[in-house]
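Quick notes on the structure that follows.
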Amino acid sequence: MAVNAAKHGVKTLGVIGSGQMGLGIAFVAAVKAQVPKVLLCDASPAQLKKGVAFFDKLLAKDVSKGKLTQEEADAAKARLHPVDGIPALKLSSDDSPQMVIEAATESLAVKQKIFGSLASTLPLSTILATNTSSISVTKIAASAIAENAKAGSEDAIEGPKRVLGLHFFNPVPVMKLVELIPALQTSKDIVDRAHAFAEACGKTVTHSTDVPGFVSNRLLMPFINEAIMTLEKGISSKEDIDTCLRFGMGHPMGPLALADFIGLDTCLYIMETMYRETCDSKYRPSVLLGRMVDAGWYGKKSGKGFYDYPSDTRV
Ligand SMILES: NC(=O)c1ccc[n+]([C@@H]2O[C@H](COP(=O)([O-])OP(=O)(O)OC[C@H]3O[C@@H](n4cnc5c(N)ncnc54)[C@H](O)[C@@H]3O)[C@@H](O)[C@H]2O)c1
């Protein structure tokens, strides 16, 4: 049994979204936390297939580097089960995940729908975590109420208490941090179990209150946005902006390459959320960022952002 398994009690984990984050979370859950069953789903069957293929690629890479033996990789692979939607997370009347982590597209409407479906499908004992980068976890928690629950019923009161933010970083197998964000409604035992789970995934955990961007993106996104505005104003080339931060400040990646890596759609959504929720002009997204998203240039995942990416490097 992996470290902390008794503390978090997760024997089956559901992961919603098999994009770059969901796939990474499924990977550390299977490899590091050694959760016996990891159920992975995505609204797009093609993306689910791509996610599973990338999981295999990550395992093969770890085997080739000597980080995992072939037996360990095979065991991790056997823990991963692609499923075709939220109803399939409930395996039988008495077998369902103890925890679900949602890592779907950064959109409040998408997440509210998912948490409503999760609450209608899974028992009140299931921990429901969101990997959102910026959306109010409190708002997401308020949507975790079963469809037919009456106001004031146990479902309506208890449902939101098992929701919290568990913010993994990209690429999940490499980055050591998880930011834990309790909603206003979250109960203490859920926070403790989720903390133990993140540690079992090999992560160091920090806590933030539920403010737009939490700690990490409140600091990172205005920095990235300023780099995009520096490019937009013609102050310097993209290469020089990135080189300046890499060689002058010792950053492993320049801010424009990092924005491509995160996803320009995700960066824009985070800036818009921080701007809307604070009405503070320092969070105003750059026009160029908006136009690049309009063009479908989302960065590494779509093959084009500030830089170009060949298809074999993407999830
Ligand atoms: N990219 C990052 O660096 C990063 C870092 C931390 C957190 N996050 C957050 O993680 C989440 C996912 O980001 P990502 O970068 O993996 O995005 P992504 O675009 O790579 O993947 C999102 C996936 O969600 C799927 N999806 C959309 N609606 C769905 C639904 N209703 N049910 C199931 N699947 C659905 C999409 O098909 C897609 O495969 C976002 O909330 C984002 O803000 C991203």
Side-chain angles (χ1 to χ4, degrees), residues 17-25 27 42 44 46-47 49-51 53-55 57-58 60-61 64-65 103-107 131-134 167-177 213 216-275 283-315:
S18 74
Q20 49 188 351
M21 296 305 294
L23 192 271
I25 293 166
F27 184 81
D42 196 287
S44 151
Q47 182 60 42
K49 217 169 147 196
K50 256 167 95 180
F54 202 74
F55 187 96
K57 201 170 158 186
L58 290 175
K61 201 166 146 197
S64 74
K65 286 185 170 170
T105 309
E106 184 77 342
S107 144
N131 190 49
T132 182
S133 306
S134 65
H167 185 208
F168 288 81
F169 288 76
N170 191 11
V172 182
V174 177
M175 301 308 277
K176 296 266 174 268
L177 186 69
S216 53
N217 283 319
R218 188 187 176 91
L219 299 179
L220 176 65
M221 284 301 156
F223 162 64
I224 286 179
N225 196 49
E226 193 60 36
I228 301 171
M229 285 183 171
T230 304
L231 179 69
E232 191 175 25
K233 286 179 182 153
I235 294 170
S236 193
S237 67
K238 61 188 178 194
E239 291 83 2
D240 278 1
I241 292 168
D242 278 351
T243 302
C244 200
L245 272 295
R246 283 178 60 220
F247 295 160
M249 320 294 166
H251 289 202
M253 257 176 159
L256 301 174
L258 180 58
D260 274 358
F261 193 67
I262 292 169
L264 299 189
D265 53 337
T266 302
C267 292
L268 178 63
Y269 195 93
I270 296 170
M271 285 306 295
E272 286 174 340
T273 302
M274 296 200 297
Y275 185 46
Y283 298 123
R284 182 173 54 85
S286 125
V287 172
L288 176 60
L289 175 61
R291 287 293 174 268
M292 290 181 74
V293 172
D294 290 345
W297 297 352
Y298 297 156
K300 189 173 177 194
K301 65 185 168 187
S302 70
K304 182 164 182 54
F306 293 104
Y307 301 93
D308 295 330
Y309 302 88
S311 60
D312 61 348
T313 61
R314 304 180 224 148
V315 179

Is the shortest heavy-atom distance from the side chain of [X] to the side chain of [Y] under 4.5 Å?
X      : Y      : result
Ser134 : Asn217 : no
Leu23  : Val172 : no
Cys244 : Ile241 : no
Met221 : Leu268 : no

To check you understand the geometry: which heavy-atom pair defines the closest contact between [X] and [Y], and what is its length?
X      : Y      : value
Tyr283 : Pro222 : CE2-CG, 3.7 Å
Asp308 : Lys304 : OD1-NZ, 3.2 Å
Pro173 : Leu58  : CG-CD1, 4.2 Å
Cys267 : Leu289 : C-CD2, 4.2 Å
Phe55  : Phe27  : CE1-CA, 3.5 Å
Asp42  : Gly19  : OD2-N, 4.0 Å

Practice item. Return each pair, listed once, that meets side chain to side chain donor-acceptor pair (under 3.5 Å) where at least one residue sits in residues 240-252; pairs must be two or more places apart or across chains. Key: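 As it turns out, the side chain to side chain donor-acceptor pair (under 3.5 Å) pairs with a partner in residues 240-252, which skip direct neighbours, are Asp242-Tyr307.
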How long is the span from the [atom1] atom in [X] to the [atom2] atom in [Y], to the nearest 0.5 Å?
X      : Y      : atom1 : atom2 : result
Lys301 : Ile262 : NZ    : CD1   : 10.5 Å
Leu264 : Tyr298 : CG    : OH    : 10.0 Å
Asn225 : Met274 : CG    : CE    : 8.0 Å
Thr230 : Lys238 : OG1   : NZ    : 15.5 Å

Does any N or O in the side chain of [X] come within less than 3.5 Å of the main-chain N or O of [Y], such that one atom is a donor and the other an acceptor?
X      : Y      : value
Glu272 : Arg284 : no
Asn131 : Phe168 : yes
Glu106 : Thr266 : no

Exercise for review: Begin from the C-alpha positions of Thr132 and His167 and carry the test side chain to side chain contact (heavy atoms under 4.5 Å, CB included) through to its verdict.
Suggested key: CA-CA 6 Å; Thr132 182; His167 185 208; over 6 Å; no
Exercise for review: Show the numbers, then the answer: is there a side chain to side chain contact (heavy atoms under 4.5 Å, CB included) between Lys50 and Ser18?
Suggested key: CA-CA 8 Å; Lys50 256 167 95 180; Ser18 74; over 6 Å; no
Point to revise | Check: Tyr309/Asp260 side-chain N/O donor and acceptor closer than 3.5 Å | key: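 On atom types as modelled, these side chains qualify, holding a pair under 3.5 Å.
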Point to revise | Check against side chain to side chain contact (heavy atoms under 4.5 Å, CB included), Leu258 and Leu245 | key: CA-CA 11 Å; Leu258 180 58; Leu245 272 295; over 6 Å; no
Review point. Sequence neighbours excluded, which residues qualify as side chain to side chain contact (heavy atoms under 4.5 Å, CB included) partners of Leu288?
Key: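 Once residues adjacent in sequence are excluded, the partners of Leu288 under the side chain to side chain contact (heavy atoms under 4.5 Å, CB included) criterion are Ile228, Leu231, Glu232, Ser286, Met292, Phe306.
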